[in-house]
**Q** 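Mind having a look at this structure? Questions to follow.
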Amino acid sequence: MDARGYGDVAAMSVGEEAARLWAELPVRVDWAAVAAQCAWAAARARALLVVPAVRLLVYLSLAMTVMILVEKLFVCAVCLAVRALRLGPDRRYRWEPIAAARGADVESGAAAKYPMVLVQIPMYNEREVYKLSIGAACALEWPAERFVIQVLDDSTDPVVKDLVEMECHRWMSKGVNIKYEVRGNRKGYKAGALKEGLKHDYVQDCQYIAMFDADFQPESDFLVRTIPFLVHNPEIALVQARWKFVNSDECLLTRFQEMSLDYHFKYEQEAGSSVYSFFGFNGTAGVWRISAINDAGGWKDRTTVEDMDLAVRAMLRGWKFVYVGNIKVKSELPSTFKAYRFQQHRWSCGPANLFKKMMVEILENKKVSLWSKIHLWYDFFFVGKVAAHTVTFIYYCFAIPVSVLLPEIQIPLWGVVYIPTVITLLKALGTPSSFHLVILWVLFENVMSLHRIKAAVSGLLDAGGRVNEWVVTEKLGDANKTKPSINGSDSIKVIDVKLTEPDVKLTEPLVPKIVKRRTRFWERYHCSELFVGICIILCGCYDVFYAKKGYYIFLFLQGTAFLVVGFGYVGTQPPSTA
């Protein structure tokens with residue numbers, strides 16, 4: 001017999017011995033009893049753990065929903081009162097024109113009445129939009145010798161660096177006082193660039209700073225309309241203008257963003273400015289008093305919301321802010337879901353992380369009133385930056401779907417229908433022209449709450465590698481509007497550059513190389529959205545056949561919204577160019 005035969009015999013002997021020993025055991029396993037015990041344990045766990053936990057989540061969600069409702073009602077009431085009584089910023093603060101703008105008679109000394117203004121434009125690989133902001137800044141109406149434009153270029157692409165520098169030289173040759181500044185590293189990202197820009201000698205003569213991101217295009221009278229607020233009101237630190245979107249009709253994603261941001265500017269910023277003289281600086285399209293920046297401690301890069309960080313510290317020093325809604329600055333909304341998702345992570349994680357780092361400092365502050373500290377701690381941070389981001393997902397995407405599986409959980413009708421409807425209608429006031437998109441907008445906002453709650457929790461816990469992650473929002477400019485030519489070849493966008501100096505050379509060709517790139521599965525599809533969408537739809541099916549609570553319509557719609565986003569059918573697709 002070979003070795004394999006001996007092995008088979010040994011295995012059979014071991015098996016037979018095990019069977020004999022098992023048969024001789026005095027205890028027999030009653031599988032029906034085991035199943036009954038497991039069912040009893042599951043029922044006890046359900047009664048003692050699952051149901052109380054879900055019920056607690058429902059109660060907390062209802063409480064936070066009521067908080068949000070009260071905040072929305074207050075904000076809308078304030079804004080309606082301001083408009084009815086015509087209590088605009090020019091009524092609350094002194095505003096007088098300085099003099100005739102650009103073209104003033106310098107010899108007569110008229111230009112000397114204008115304060116020195118610094119215009120900062122931070123950039124990072126802004127190939128598609130760098131000309132827009134630089135050109136708009138150079139066209140501002142202000143005496144040429146009384147303002148300086150500072151382009152802070154952190155680009156890592158040498159081609160983009162050359163393009164931006166040559167654009168600055170082109171305007172410099174026309175007599176514009178423009179400076180092209182670069183640094184050796186990207187430490188601190190945008191905050192680091194802005195802080196480094198203030199260290200140059202020519203900035204010491206400036207009193208105010210106007211800030212614009214690379215895709216922002218201020219109107220020529222921007223400085224003429226904003227600077228007087230700072231000149232005539234020494235207690236004001238910041239004048240914030242409203243954003244206006246040039247591509248809001250590009251797709252549903254940009255329409256949804258317009259609806260959210262219009263409410264933010266028209267109501268939240270207006271109410272904060274009117275009642276508390278405080279609101280979160282939006283990071284661009286605003287003018288700061290340099291002495292207020294220095295008094296608040298300057299730019300800090302401890303979070304990804306350096307603009308909000310500076311605003312809070314300035315407010316705690318007693319400075320006031322004013323929002324001027326009738327001054328609009330054109331800008332671009334991210335039209336790809338990837339860019340929008342990264343932006344929302346930064347906007348959700350940063351404020352929560354800043355709240356954690358400043359909550360004690362806010363309470364211990366002696367400079368501002370108790371009312372201001374309550375507003376900052378509770379209304380601005382907790383309700384606006386934490387509760388709003390967490391309750392949306394916990395309540396609408398988890399508690400309500402799970403409640404159909406638990407007959408013991410009964411959610412009151414006012415918490416499921418009435419309060420959410422009122423909150424939605426109040427937020428829809430920001431963009432009445434898009435009222436017909438309200439249902440789709442709410443479903444999409446619920447989908448985005450999945451990313452916002454992850455970002456807010458990571459910011460509060462200061463955990464995860466993405467807390468201080470800074471991903472610049474991708475701007476497509478007109479790149480996404482290029483169409484294939486008739487003969488079937490890919491269209492090529494030629495970048496128009498005029499060389500102003502004979503020794504200026506490009507490091508790479510200006511015509512981008514067309515690259516056919518295969519989309520990977522995990523880039524095209526979003527597994528977290530697909531998983532949540534499937535779970536919500538299954539809960540809806542259970543409601544139809546068993547629970548019969550009547551939530552299935554909402555659950556089917558919400559689950560479908562998750563699946564649509566999960567399969568990548570939202571936003572535009574970026575061009576496949578390297």
Side-chain angles (χ1 to χ4, degrees), residues 119-137 149-171 178-197 211-217 246-247 283-284 299 301 304 306-307 330-347 466 468-482 492-497 504-515 517 523 571-578:
V119 179
Q120 285 187 321
I121 308 176
M123 291 192 175
Y124 176 74
N125 294 337
E126 309 285 0
R127 177 192 293 267
E128 301 296 341
V129 296
Y130 71 95
K131 284 188 177 182
L132 301 178
S133 56
I134 294 177
I149 300 172
Q150 188 182 67
V151 177
L152 306 170
D153 191 9
D154 272 359
S155 299
T156 54
D157 187 337
V159 176
V160 178
K161 271 184 175 289
D162 289 340
L163 295 175
V164 175
E165 185 176 9
M166 285 187 291
E167 183 69 8
C168 293
H169 282 292
R170 186 171 76 87
W171 284 102
I178 183 171
K179 308 290 185 181
Y180 176 74
E181 305 290 355
V182 296
R183 54 187 183 139
N185 56 71
R186 292 191 66 216
K187 181 181 179 181
Y189 303 109
K190 182 179 177 180
L194 295 173
K195 183 177 181 179
E196 193 70 22
M211 300 177 187
F212 304 102
D213 284 348
D215 59 312
F216 279 71
Q217 307 167 56
V246 298
N247 64 330
T284 179
W299 293 102
D301 57 1
T304 57
E306 75 294 325
D307 42 15
K330 292 185 290 186
S331 64
E332 178 183 337
L333 293 166
S335 59
T336 65
F337 182 67
K338 179 181 178 181
Y340 181 62
R341 190 176 56 183
F342 278 122
Q343 181 196 70
Q344 291 303 298
H345 174 86
R346 190 172 74 246
W347 287 4
R466 298 185 62 190
N468 293 315
E469 180 186 43
W470 182 282
V471 179
V472 177
T473 304
E474 180 184 18
K475 293 99 177 178
L476 298 180
D478 292 329
N480 208 38
K481 298 180 178 60
T482 44
I492 298 177
K493 183 179 179 182
V494 180
I495 304 171
D496 180 24
V497 177
V504 176
K505 296 182 180 180
L506 292 176
T507 58
E508 294 184 14
L510 291 181
V511 180
K513 183 180 178 181
I514 303 300
V515 178
R517 180 172 172 271
E523 293 177 348
T572 60
Q573 295 298 322
S576 300
T577 56

**Q** So, taking the atom named CD in E332 and the one named CG in D213, what distance separates them when rounded to the nearest 0.5 Å?
**A** 11.5 Å

**Q** For the residue pair M166 and Y180, establish whether any side-chain heavy-atom pair is separated by less than 4.5 Å.
**A** no

**Q** Between atom CG of D301 and atom CZ of R186, what is the distance when rounded to the nearest 0.5 Å?
**A** 12.0 Å

**Q** Give me the atom names and distance for the closest heavy-atom approach of L152 to G197.
**A** CD2-CA, 4.0 Å

**Q** Among H169, R170, E165, which one satisfies side chain to side chain contact (heavy atoms under 4.5 Å, CB included) with E167?
**A** R170

**Q** Can you tell me how far the NZ atom of K190 sits from the CD atom of Q120, to the nearest 0.5 Å?
**A** 10.0 Å

**Q** Do D153 and S155 pair up side chain to side chain, a donor and an acceptor below 3.5 Å, judged on atom types alone?
**A** yes

**Q** Does the side-chain contact (heavy atoms from CB on, under 4.5 Å) test come out yes or no for R183 and D154, once each step is laid out?
**A** CA-CA 7 Å; R183 54 187 183 139; D154 272 359; 2.8 Å; yes

**Q** Contact between V129 and F216 at the side-chain level, heavy atoms closer than 4.5 Å - yes or no?
**A** no

**Q** Who pairs with S133 by side chain to side chain contact (heavy atoms under 4.5 Å, CB included), at least two apart in sequence or on another chain?
**A** I121, M123, A214

**Q** With sequence neighbours excluded, tell me which residues meet side chain to side chain contact (heavy atoms under 4.5 Å, CB included) with K195.
**A** W299

**Q** How long is the straight-line distance from OG1 of T284 back to CG of D215, given to the nearest 0.5 Å?
**A** 7.5 Å

**Q** Does the pair V119 and F212 meet the rule for a side-chain contact (heavy atoms from CB on, under 4.5 Å), with working shown?
**A** CA-CA 8 Å; V119 179; F212 304 102; 3.8 Å; yes

**Q** Report yes if some heavy atom in the side chain of R127 is under 4.5 Å from a heavy atom in the side chain of V159; otherwise report no.
**A** yes

